[in-house]
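Comments concern the structure below.
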Amino acid sequence: MKKFLGFLFVLMLALFSVACSGDNDSNAGNEEGKSAKSSEEAGDKEITIAIDQNFITLDPHNAGDTVSIFGIRSMYEGLVSFDENMEIVPALAESYEISDDALTYTFKLREDVTFHDGEPFNAEAVKVNFDRIMDDANNLSAKRSLQFVDSLEVINDNEVAFKLNEPFSAMINKFAMVPMISPKAIEEGTKYVEGNPVGTGTFKFVEWKQGTILEVEKNEDYWGGDQTNVAKVIFSPVPENGSRVAMLKTGEADFVYPMPQQNVKEFENSDDVTIDESPSTIARYVSINTFKDPYSDLKVRQAMNHAVDKEAYLQVVKDGFGHVLDSTMSSETQYYSKQEPYEFDIEKAKALLKEAGYEDGFEAEIWGNTSSETIKGMEFIKQQLAQVNIDVTIKSMEEGTLSDEIYTPEKPEDAKVQMWYVSWSPSSGDADGATRGLFSSEYFPPNGANTAYFDNDQVTNWIKEANATADTKKQEEIYTDLQRTVYSEAPWIFLATDINLAGRSNNLEGVYVAPDGSVNISKAQVK
């Protein structure tokens, strides 16, 4: 009977989702306003991009969330960068060389590049950025990307060499994660940098109204020439799905990401809007605090995985757009290794809970941000776990507040989080980015994103071994063992991997979503 009621709830939730997806359709009939908006934007080349979360920081050396990272990338560049497929390409360095012992990375810098404030980009600017990152007093997250760098040598005005203290296979990808800030801005101090970006990118900073919009404008003096015909871009955080869709329909937004899955069919025959689908490295899961009871018990965590129907999750929360998360990372990520997913089995889940001493269940709390999809996802988890007598309370918080609650505790025993409905994508584009910060015992908050407080010495050592070898076959073997071990120990409720969905006006080209879920505007073109 309980199983039937659970199925009935899932069905009702799915129907409710469809019914609510058009709750802003009253705005969709404003064709006159839409036409006027499109005409106006085609003339002054301004675009609005509606996203589902707020930016947390604009400090390029201290950003950890994907939204802040892609906002930063619109204005900043590193020595190297990522292309549309997350492959490394030259940026502020026109070329680089890696020594035979993999301990020295030498970069030849582009000449005649200036920051947005007119300051020259050169070897000394690289050194100023390196010094800021490596200063322990600044406590910047970018230091994790450069943790294997022992020193920086300025060879001449246009050449630098980074010396590593040990080989690190993912090092070149980490350099792409370190944008260069104007030395003059760095002199102003961290508070200034956090709210006044000064980079070298195709767009430069205009205004950031925290909690509302980020506005950037075209850098007319960009070193790479005329990359875009867009004069101004406004990033507008809009957590509610229906509101973002309405903005795309009326022309108030030119690009929407993420595009709510349940609204895709509305645009199948649209002459004005195109839905872009692309593969994703985004993994969605519920992080379980393994340091706290009862979650410290492996049987409890495995029971929670068996209690959640992943296929139903895909239909109810993702409207079929996605795949079951059958490892600790997406199949689009380097060295992915498929695991046997946890079978949906209520009786097995109950048996495991009984063995762990929780036959009658327990009370639990799940945290998440305020986006529509997150709230729907948490409601789904609550319903599923109720089938095995786990009574879940949902706590939804604005992204900045949530980040503070998650990452500020100094010790595991200080952490209040029990479960966190979240996603992760390796913005560095490598397997290290999908493992080290999440599963190494050296990366508990505030040092990293191991918010499950997963503690396995073998896994921590494997991560170090994989990074220390240049043998790709050996790396693959290590990451295969690592994924199998972590998946079996269930520090997460493994849910799904995304298919990236974005909606854009047909007069907009060159804006795309990379596999890590970051929006790139560097070559935006309004037709």
Side-chain angles (χ1 to χ4, degrees), residues 64 141 144-145 147-148 166-171 173-174 281-293 295-305 325-331 333-342 406-407 409 411-413 415 417 419-420 422-495 497:
S141 62
R144 294 198 291 270
S145 294
Q147 73 171 63
F148 295 103
E166 63 181 75
F168 179 42
S169 61
M171 192 67 240
N173 293 64
K174 303 307 181 187
T281 58
I282 299 173
R284 295 198 178 271
Y285 56 94
V286 176
S287 179
I288 305 170
N289 186 344
T290 63
F291 192 83
K292 282 185 179 294
D293 291 331
Y295 313 104
S296 58
D297 192 314
L298 173 59
K299 290 179 179 179
V300 170
R301 303 194 303 271
Q302 290 175 333
M304 292 165 74
N305 268 282
L325 180 58
D326 55 9
S327 187
T328 61
M329 59 179 72
S330 159
S331 60
T333 304
Q334 180 191 37
Y335 299 133
Y336 154 83
S337 176
K338 178 180 171 62
Q339 308 300 309
E340 186 62 37
Y342 286 88
I406 294 287
Y407 290 111
K411 302 186 296 294
E413 51 265 32
V417 64
M419 294 187 289
W420 182 20
V422 68
S423 65
W424 181 268
S425 182
S427 293
S428 57
D430 53 61
D432 176 72
T435 54
R436 181 159 53 106
L438 296 171
F439 304 120
S440 169
S441 58
E442 297 175 356
Y443 285 86
F444 295 160
N447 297 322
N450 185 351
T451 57
Y453 294 94
F454 179 72
D455 190 359
N456 182 304
D457 290 342
Q458 179 66 78
V459 169
T460 298
N461 289 331
W462 274 333
I463 291 170
K464 293 177 180 178
E465 289 175 21
N467 286 325
T469 180
D471 185 336
T472 56
K473 185 176 181 181
K474 181 64 174 174
Q475 288 175 343
E476 184 174 8
E477 290 173 357
I478 292 171
Y479 283 118
T480 296
D481 290 340
L482 185 154
Q483 290 169 75
R484 181 176 60 251
T485 299
V486 175
Y487 204 79
S488 66
E489 295 199 12
W492 299 348
I493 300 176
F494 300 94
L495 296 176
T497 59

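Since the model is a prediction, treat every value here as computed from it, not as a measurement.
- Under a 3.5 Å cut-off, the side chain of Thr497 and the backbone N or O of Leu325 do not form any donor-acceptor pair.
- Between atom CD of residue Glu465 and atom CD of residue Gln458 there is a gap of 7.0 Å, rounded to the nearest 0.5 Å.
- Ser141 contributes atom OG, which lies 11.5 Å from atom CG of Asn447 (distance to the nearest 0.5 angstrom).
- A heavy-atom distance below 4.5 Å is not found between the side chains of Ser296 and Thr290.
- Distance check, rounded to the nearest 0.5 Å: CZ of Arg284 to OG of Ser330 gives 12.0 Å.
- Shown here for Leu482 and Ile463, the closest heavy-atom pair between the two residues is CD1-CG1, 3.4 Å.
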Residues Val486, Trp462; criterion side chain to side chain contact (heavy atoms under 4.5 Å, CB included); working and verdict: CA-CA 12 Å; Val486 175; Trp462 274 333; over 6 Å; no

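- Within the 3.5 Å criterion, the main-chain N or O of Thr485 finds no donor-acceptor partner in the side chain of Gln339.
- A distance-only check finds no donor-acceptor pair linking the side chain of Tyr479 to the backbone of Lys474 [under 3.5 Å].
- The two residues Phe494 and Ser327 make their nearest non-hydrogen contact at CD2-O, 3.7 Å.
- Between Phe444 and Asp455 the shortest side-chain heavy-atom distance falls below 4.5 Å.
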Side chain to side chain contact (heavy atoms under 4.5 Å, CB included) between Ile282 and Trp424, intermediate numbers included: CA-CA 6 Å; Ile282 299 173; Trp424 181 268; over 6 Å; no

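- Taking both residues in full, the closest heavy atoms of Ala434 and Pro426 are given as N-CB, 3.8 Å, listed atom of the first, atom of the second, then distance.
- Within the 3.5 Å criterion, the main-chain N or O of Lys338 finds no donor-acceptor partner in the side chain of Tyr487.
- Within the 4.5 Å cutoff, side-chain heavy atoms of Gln475 are placed close to those of Ser169.
- Here the side chain of Asp297 pairs no donor or acceptor atom with the backbone of Asp293 at under 3.5 angstrom.
- Side-chain rings of Phe439 and Trp492 approach one another, their centers coming within less than 6.0 Å.
- Donor-acceptor pairing under 3.5 Å is lacking for the side chains of Thr469 and Asp471.
- Put simply, the side chain of Ile493 reaches to within 4.5 Å of the side chain of Asn305, judged on heavy atoms.
- Residue Tyr336 is tested with Thr281, Thr480, Asp326, Thr328 for a side chain to side chain donor-acceptor pair (under 3.5 Å); the sole match is Asp326.
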Intermediate values then yes/no, side chain to side chain contact (heavy atoms under 4.5 Å, CB included), Met304 and Tyr295: CA-CA 10 Å; Met304 292 165 74; Tyr295 313 104; 4.1 Å; yes

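- Within the 3.5 Å criterion, the main-chain N or O of Phe148 finds no donor-acceptor partner in the side chain of Glu166.
- Taking every heavy atom of both residues into account, Ile406 and Val417 meet most closely at CD1-CG2, 3.8 Å.
- Side-chain contact between Thr451 and Tyr407 is present, with at least one heavy-atom pair separated by less than 4.5 Å.
- Distance check, rounded to the nearest 0.5 Å: OG1 of Thr333 to CG of Asp430 gives 9.5 Å.
- Within the model, atoms NZ of Lys292 and OH of Tyr453 stand 9.0 Å from one another, a figure rounded to the nearest 0.5 Å.
- A donor-acceptor contact shorter than 3.5 Å links the side chain of Thr460 to the backbone of Ser441.
- Atoms CD1 and OG, on Ile478 and Ser337 in that order, are 13.5 Å from each other to the nearest 0.5 Å.
- Looking at Gln483, its side chain does come within 3.5 Å of a backbone N or O of Tyr335 through a donor-acceptor pair.
- Between Pro409 and Pro446, the shortest heavy-atom contact is O-CD, 3.2 Å.
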Show the numbers, then the answer: is there a side chain to side chain contact (heavy atoms under 4.5 Å, CB included) between Lys174 and Asp432? CA-CA 10 Å; Lys174 303 307 181 187; Asp432 176 72; 2.9 Å; yes

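- Closest heavy-atom contact between Ser287 and Ala452: OG-N, 3.3 Å.
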